[in-house]
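Proteins get letters first, then strands, A, B, ... in listed order; numbering begins at 1 in each.
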Number of protein chains: 2
Amino acid sequence: MPDLDAQRTRIQTRNRQAILDAALEAFSSNGYAGVTIDRIAEGAGLSKPNVLYYFPSKEAIHHALLDGLLDLWLAPLRDMDPDGQPLDEILAYVARKLDLSRRYPRESRLFAHEILQGAPHLAPVLGGQLAALVADRAALVAGWMAQGRLAAADPHHLIMSIWALTQHYADFDLQVRAVLGPGHDPFAEAGAFLDRMYRRLLTP
Amino acid sequence: MPDLDAQRTRIQTRNRQAILDAALEAFSSNGYAGVTIDRIAEGAGLSKPNVLYYFPSKEAIHHALLDGLLDLWLAPLRDMDPDGQPLDEILAYVARKLDLSRRYPRESRLFAHEILQGAPHLAPVLGGQLAALVADRAALVAGWMAQGRLAAADPHHLIMSIWALTQHYADFDLQVRAVLGPGHDPFAEAGAFLDRMYRRLLTP
DNA sequence: GTCTATACTCTGATAGAC
DNA sequence: GTCTATCAGAGTATAGAC
């Protein structure tokens with residue numbers, strides 16, 4: 001069943017998407033408990049019972065949003081090329097991850113909420129899929145460092161530092177803008193700052 | 001009225017503190033909407049009406065927790081000494097901020113929730129007190145860089161990078177531990193990693 | 001100061017007409 | 001497929017006894 005939408009009418013597809021979009025908007029800024037089905041319905045332009053016609057419960061909507069989120073989130077790390085130039089690969093990874101924060105701030109905040117709350121849905125995946133991918137990539141980076149093609153640094157914490165820094169610009173956007181004041185482009189400046197930072201940190 | 005507790009009995013002082021502690025525990029992991037007064041009461045070992053005897057509303061409890069949080073949070077930045085050695089001052093700041101994350105992870109998460117939700121209570125302070133302090137410290141750092149005592153970098157983004165990295169270890173503790181696996185001391189490793197990182201980044 | 005009992009509101013979910 | 005009506009439960013807050 002590769003395309004579930006094939007079994008749905010155009011209206012169904014559109015409404016499902018409208019619900020998910022409204023729910024993402026709501027959950028990402030207010031957390032799971034801070035959102036009512038009524039508000040999702042309003043955002044989607046539907047009635048509350050109609051929302052519950054498309055999803056069996058509020059919980060199901062939330063679950064549908066989290067599903068696949070980790071894949072989106074880890075794609076840039078997966079895309080690191082073992083055969084590329086080490087420094088270029090890291091810098092490209094940073095740029096891709098920052099771009100993800102810029103383009104998907106709501107998804108970033110949804111993820112942040114989930115982790116803050118103890119990851120009731122994602123916990124198993126964190127210790128499994130996530131830890132495995134990071135271990136794999138950390139080994140790759142450690143290899144580059146051992147060959148002297150990158151300056152030495154703890155690979156796990158290096159990868160996590162990239163997450164922390166890039167996601168900060170999405171999750172704490174409000175604070176970032178308050179600190180920078182008007183007339184700034186936080187993501188553009190962050191791109192330049194982070195490129196210089198990791199270049200200097202990792203150049204052998 | 002410097003000491004409000006002077007007007008309270010010992011029992012009142014103790015119960016107020018128990019309520020605030022239970023509320024901090026609850027709010028920091030579940031967000032404002034995800035917490036019921038019942039749960040706070042249970043955590044404090046009191047009945048629900050009794051909690052509402054000490055605070056007029058759930059909202060008031062939350063407000064009491066946020067009050068003064070920013071002061072605690074910004075203290076390390078305030079403590080940067082303009083007359084110290086630039087690199088030492090920055091590294092000491094990083095260490096103090098990381099120590100704050102280690103000792104007060106619940107406060108860090110409470111702050112994260114507040115910002116994620118659009119800072120309904122802190123918004124005015126962010127654009128005022130916070131922005132002013134950062135501007136002041138950024139100017140100090142920029143001066144050091146202009147004198148060639150630190151390598152050049154955007155001072156605002158430098159300060160924010162320190163926030164992002166140190167708070168990540170508190171806010172995303174669950175993810176950090178999942179990635180590192182058992183047998184690690186995330187904060188100790190972070191201390192070493194961040195010290196090397198900023199030393200390398202800022203050494204002229 | 002603390003408890004029991006309760007009023008009142010909001011929210012998730014269902015039933016059933018159309 | 002979508003709506004109106006409604007139920008059941010949870011949650012904030014208050015009243016009033018002790």
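- Checking the phosphate oxygens (OP1, OP2) of C:dC3, a side-chain nitrogen or oxygen of B:Ser47 falls inside 4.0 Å.
- Listed by chain and residue number, B:Asp38 satisfy the salt bridge (Lys or Arg N to Asp or Glu O under 4.0 Å) test with B:Lys48 (two or more places apart in sequence, or in another chain).
- Near DNA chain D, meaning a heavy atom under 4.0 Å from it, residues 20-32 of chain B has no residue at all.
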Listed pairs under 3.5 Å, donor-acceptor, residues 71-88 of chain B side chains, sequence neighbours left out:
| unit_1 | atom_1 | unit_2 | atom_2 | d |
| --- | --- | --- | --- | --- |
| B:Asp71 | OD1 | B:Gln129 | NE2 | 3.2 |
| B:Trp73 | NE1 | B:Gln167 | OE1 | 3.0 |
| B:Asp81 | OD1 | B:Asp83 | N | 2.9 |

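- The phosphate of D:dT14 (OP1 or OP2) has no side-chain N or O of B:Tyr53 nearer than 4.0 angstrom.
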Between the protein and nucleotides 9-13 of chain D, list every N/O to N/O distance that falls short of 3.5 Å.
| unit_1 | atom_1 | unit_2 | atom_2 | d |
| --- | --- | --- | --- | --- |
| D:dT12 | OP1 | B:Val35 | O | 3.4 |
| D:dT12 | OP1 | B:Lys58 | NZ | 3.3 |
| D:dT12 | OP2 | B:Ile37 | N | 2.9 |
| D:dA13 | OP2 | B:Lys58 | N | 3.0 |

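- Between B:Tyr169 and B:Ser108, the side chains place no donor N or O within less than 3.5 Å of an acceptor N or O (distance only, hydrogens not considered).
- Remark: A:His168 pairs with A:Phe172 by the ring-ring contact (aromatic ring centres under 6.0 Å, His included) rule, at least two apart or across chains.
- Across all strands shown, A:Leu46 has no heavy atoms under 4.0 Å from either base or sugar-phosphate atoms.
- Under the side chain to side chain contact (heavy atoms under 4.5 Å, CB included) criterion, A:Asn50 pairs with A:Leu46, A:Ser47, A:Tyr53, A:Tyr54, not counting sequence neighbours.
- Applying the side chain to side chain contact (heavy atoms under 4.5 Å, CB included) test to B:Ala142 and every residue at least two apart in sequence or in another chain returns B:Pro155.
- An OP1 or OP2 oxygen of C:dT2 is reached within less than 4.0 angstrom by a side-chain nitrogen or oxygen of B:Asn15.
- Contacts of A:Ala64 classified as side chain to side chain contact (heavy atoms under 4.5 Å, CB included), with partners at least two apart in sequence or in another chain: A:Leu20, A:Phe55.
- Listed by chain and residue number, A:Arg102, A:Arg103 satisfy the side chain to side chain contact (heavy atoms under 4.5 Å, CB included) test with A:Asp99 (two or more places apart in sequence, or in another chain).
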